[in-house]
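What's counted below: heavy atoms across the whole structure, side chains too, no hydrogens, waters or symmetry copies. Here is the naming used below: chain letters follow the sequence lines, and residue numbers restart at 1 for every chain. None of the values given here were measured: they were computed from a predicted structure.
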Number of protein chains: 2
Amino acid sequence: MRSAFMSTSDPGAHEWRSPIRLVDEVVKVLRERIYSGALRPGEVLRQEQIAADFGISRTPLREAFRVLERDGLIRNEPRRGVRVASADLRRLKDAYDVREAIDGVAARLAAGRRDAAALDRLAAVIEAQRAALEPWDPIAYTRTNVEFHVGIMEAAHNEFLTPQVPLVRMTAQVFTPALALSVERAVRAVAEHEEILAAMRAGDAARAEELARAHIRRTRLSLDARISAADGDGGAEGKAAP
Amino acid sequence: MRSAFMSTSDPGAHEWRSPIRLVDEVVKVLRERIYSGALRPGEVLRQEQIAADFGISRTPLREAFRVLERDGLIRNEPRRGVRVASADLRRLKDAYDVREAIDGVAARLAAGRRDAAALDRLAAVIEAQRAALEPWDPIAYTRTNVEFHVGIMEAAHNEFLTPQVPLVRMTAQVFTPALALSVERAVRAVAEHEEILAAMRAGDAARAEELARAHIRRTRLSLDARISAADGDGGAEGKAAP
DNA sequence: ATCCTGAATCCTGGATACAAAAATTACGAG
DNA sequence: CTCGTAATTTTTGTATCCAGGATTCAGGAT
């Protein structure tokens with residue numbers, strides 16, 4: 001990291017450029033900030049301010065905005081600027097509908113690939129996840145949950161699947177923690193994860209796909225229940241988990 | 001200087017007020033040029049030259065490049081520039097694997113929505129497609145085929161599905177015409193389209209999904225057959241249809 | 001003729017300054 | 001308090017400029 005980049009102020013530091021593109025770095029950092037809730041849904045992102053924070057010019061930042069825009073992580077209102085995408089009920093349902101398909105095909109392909117190393121890593125993730133259940137640790141659970149689902153997509157080794165990771169992370173890291181995260185559901189979810197992994201290990205592609213789809217479907221149902229339970233409080237204004 | 005965008009030179013037209021962002025226009029035009037084959041796979045896109053062609057500066061063009069890059073339509077080689085993505089065998093299989101899931105969920109959701117107007121439009125598309133069969137017109141067939149599949153995605157009314165349109169158009173408009181387009185397959189495909197539409201009309205979501213998936217699967221099989229038949233001629237170098 | 005090497009040139013990635021247009025805010029009159 | 005206008009921001013796009021990696025090409029050396 002040649003330029004100061006992460007530090008909020010580094011005046012006069014004209015070091016030489018990094019070997020990689022700034023766009024990619026900026027996209028990465030902004031994505032994480034959105035996932036983590038550091039940038040909250042609806043928050044306005046001002047070019048000058050963010051560029052100054054990162055110690056870069058507006059040129060690569062604006063390119064980063066276009067990428068995030070296409071990710072669906074930010075929304076651009078023409079001539080008014082960019083703000084972090086917020087999640088209403090409709091958006092939430094839409095996201096889970098697509099995720100059911102995405103996670104399904106990922107599991108199917110991963111089962112077909114039989115990438116032993118990747119599957120071993122998934123087993124380790126489940127182990128860590130189980131540990132997050134006993135003294136209930138929602139933060140650790142959410143982190144490992146994301147790792148599991150992203151891990152499946154990586155195990156699928158499909159270059160048209162990786163661009164979907166932002167969708168998966170948005171739902172698994174922002175939507176789900178805020179709305180559908182209960183110990184009961186988590187316990188059930190880990191069991192489902194194990195079934196999915198078992199199917200992938202066995203190379204049973206069809207079963208892996210159906211289990212993965214059912215898993216997302218059940219997460220969504222749990223979310224639906226939460227929403228109707230908390231009915232009237234303004235609905236699903238996407239707030240990140242603390 | 002709000003130049004007239006599409007014309008390669010239009011001096012004196014300095015009263016052009018663009019209500020929308022140039023990025024979006026540029027992305028749209030470049031996408032079409034890639035789909036149509038006007039920009040051929042592997043072709044290098046030079047910033048200065050394209051900006052000059054469009055009569056715009058490099059700034060919005062570079063933003064457009066980032067969007068197309070995330071679409072998977074162009075590839076960026078650091079410090080070397082961008083070139084139109086070309087399709088090898090691996091990429092092709094990957095694309096169809098994901099499309100099976102995408103088209104499946106689109107059909108399922110469209111069946112659930114029961115958007116009569118959209119379904120009527122699909123019926124009209126099938127009609128036009130049937131007309132393209134009798135005196136066999138590959139160009140018209142490909143066009144209507146794209147319209148059908150994109151139409152289903154629009155009928156699904158899911159905002160996480162629309163970003164997948166570039167993938168669908170890439171396969172349906174570039175890969176398939178070049179590799180899997182035969183009259184026999186087209187006749188069969190139109191029949192399958194009708195079955196899918198019927199299932200959506202009946203609101204049978206599960207059946208619509210399965211039919212749509214089977215349809216993509218069969219298209220892919222036809223493609224596999226073509227590839228192995230033409231084995232040794234260099235494989236699947238993505239050439240657009242004439 | 002072919003291969004290697006170093007210089008000239010091209011091009012990307014990034015920074016900066018500037019202008020136009022729209023949106024937001026401030027402010028003052030009624 | 002409300003309305004309308006002016007001042008200020010902010011986005012969007014243009015025009016330049018620069019550093020340094022990538023390409024090309026000329027001129028030997030083999």
Give the rounded distance in Å between these two atoms: [atom1] of [X] and [atom2] of [N].
X	N	atom1	atom2	answer
F54(B)	dG13(D)	CZ	C1'	16 Å
E77(A)	dT12(D)	CD	C1'	15 Å
Q47(A)	dT12(D)	CD	C1'	8 Å
D24(A)	dT12(C)	CG	P	16 Å
E48(A)	dT8(D)	CD	C1'	14 Å
R21(B)	dA23(C)	CZ	C1'	16 Å
R46(B)	dT24(D)	CZ	C1'	12 Å
R83(A)	dT11(D)	CZ	P	11 Å

### Query
Do NZ/NE/NH1/NH2 and the carboxylate oxygens of R91(B) and E159(A) come within less than 4.0 Å?
yes
### Message
What's V23(A) touching, base or sugar-phosphate or nothing? Going by heavy atoms closer than 4.0 Å.
### Response
sugar-phosphate
### Query
Reckon N76(A) touches a base, only the sugar-phosphate, or nothing at all at heavy-atom distances under 4.0 Å?
sugar-phosphate
### Task
Establish whether the base of dG14(C) is bridged to the side chain of R58(B) by a donor-acceptor pair shorter than 3.5 Å.
yes
### Query
Between the side chains of Q164(B) and Q164(A), is a donor N or O closer than 3.5 angstrom to an acceptor N or O?
yes
#### Entry: Per R79(B) side chain, nearest of listed nucleotides dG21(D), dT11(D), dA15(C)
dG21(D)
### Query
Hey, is CZ on R113(A) packed in by over 12 heavy atoms from elsewhere, all under 6.0 Å?
yes
May I ask you to decide if [Y]'s main-chain N or O and [X]'s side chain share a donor-acceptor pair within less than 3.5 Å?
X	Y	result
R169(A)	V146(A)	no
R62(A)	E63(B)	no
E43(A)	R40(A)	yes

### Task
Strictly below 4.0 Å, heavy-atom distances to any atom of DNA chain C: list the hits from residues 61-73 of chain A, or just say none.
none
### Query
When the nearest nucleotide of DNA chain C is assigned to L45(B) and to T59(A) on a heavy-atom basis, which residue is associated with the more 5' position?
L45(B)
### Query
Between R80(A) and dT24(C), does any side-chain N or O lie under 4.0 Å from OP1 or OP2?
yes
### Message
If I take atom CG from residue D94(A) and atom OG1 from residue T171(A), how far apart are they, to the nearest 0.5 angstrom?
### Response
12.5 Å
